[in-house]
Amino acid sequence: MPMAKQDFDRFMNQVRVRLPGASDAGIKGELFEVFSEFFEDSNSWTETLTVPVLASNPPTLNVLYSLLPQYGGRIIRLIGAWDANSIPQAAFLPQQDQDGGPATMQLVNYVTTNQNFTVAVIKNTCLPTSHDMIPVAPEWLLPRFGRYILDGILGKMMSQPGKSYTDDKKSQYHLQRFRVGIAMAKTQAERQFTMGAQSWRYPRQYRSHGQRGGIWVANPTTF
Amino acid sequence: MSDRDKEPLLTVADYITDARRLLLDQIEPFRYPDDDLITAFNLALLEGRRLRPDLFVYRNNEKVPYYGINDGEEVPMERQFRMSFVYGLVAHALLRDEEDVQDDRANSFMTLFQSLLTGIKMTPITGGTPGAPQQRRG
């Protein structure tokens, strides 16, 4: 879902107050760059797609599957693909989402039965913006990361030369906070927005089934 | 449109009317014809494009709006910058006069126009009736 109007209006008012002499059109234009940098570096905007995969006879590997996001944005990376049995399947993106066409996915191994794959992707904002020049972004962006976005827009606007709001020193300050915010968003996204959970898990295929390696014991404790 | 919905300096006619007040040219026959003021307005928009491209490049496919007649056509300009274009219009209109006083006022309005677009504080308006001639001392 797109950003809520009340969230965006409140955000714009905060920016207007801090940037006297700035135009709304200029703020929205620069906001596209802020969103682009935030989503590109944080990988925080994700979507899960259902992609129908057809078995081919004879088996072929050069089949490209179009990935079309349902909730706006532009696909930039592939997180993973899972078959109908929730088993991860190797895949890659030979073509990212561009203004001229959708992203495409290619499987490494051919599929023997028709089935629906679950594909998780990372997205970024895209052109064209809405009719009132608001960049495309998910509804949770401003409520969750609004203060980092605010630092980003202030930093980029204050770096513009020859304006009433030009301030190199404050620009550096705000851009530093923006980069910290991107790093925090990236960490939160990697941990799937959980509290206390670790982002790395011990590989499943190498886990032991007992406290003593290689020796079966009664009531084993698994990790 | 109710009074609550009206905004100052919304149409071409609003800009011309306000400029005539500053030029003290409200009684016909006008010293500054409508065509001259429309031309001055278009020139002010061009100058505004140079100083503040963000006001224009995101609209109208980067073109600067052009107006041919003094009518109710809406001028798409953000509220906080409308007054500056009135000053720009007046500055260009005054520049055609040859009197020294008008040159001073023209420069003053041009400075006002530019400072409102690029700065925050307005510069004071100068230029008017010359003061009494100074007497020699001693």
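Below, chains carry the letters A, B, ... as their sequence lines are ordered, and counting in each starts from 1. Below, all heavy atoms of this structure are taken into account, side chains as well, without hydrogens, waters or symmetry copies.
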Partner residues of B/Gln114 under the side-chain hydrogen bond (donor to acceptor under 3.5 Å, both in side chains) criterion, sequence neighbours left out:
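So B/Gln114 forms a side-chain hydrogen bond (donor to acceptor under 3.5 Å, both in side chains) with B/Glu47.
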
Heavy-atom distance under 4.5 Å to chain A: side chain of B/Arg52, backbone, both or neither?
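It is the side chain, since no backbone atom gets that close.
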
Under 6.0 Å from the [atom1] atom of [X], do we count more than 12 heavy atoms belonging to anything else shown?
X       : atom1 : answer
B/Arg82 : CZ    : yes
A/Tyr71 : OH    : no
A/Gln6  : CD    : no

What pairs with A/Asp168 under salt bridge (charged side-chain N to carboxylate O under 4.0 Å, His left out), at least two apart in sequence or on another chain?
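Partners of A/Asp168 under the salt bridge (charged side-chain N to carboxylate O under 4.0 Å, His left out) test: none.
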
Report the distance from atom CD1 of A/Ile27 to atom CD of B/Glu78, rounding to the nearest 0.5 Å.
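One finds 8.0 Å between CD1 of A/Ile27 and CD of B/Glu78.
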
List the atom of A/Lys163, the atom of B/Asp54, and the distance in Å for their closest heavy-atom pair.
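So the two residues come closest at CE-OD1, 4.4 Å.
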
B/Tyr58 to A/Glu30 - nearest heavy-atom pair and separation:
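For B/Tyr58 and A/Glu30, the tightest heavy-atom pair comes out as OH-N, 4.4 Å.
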
Polar side-chain atom of B/Gln80 near backbone of A/Ala22 as donor-acceptor pair, under 3.5 Å
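Yes: the side chain of B/Gln80 pairs with the backbone of A/Ala22.
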
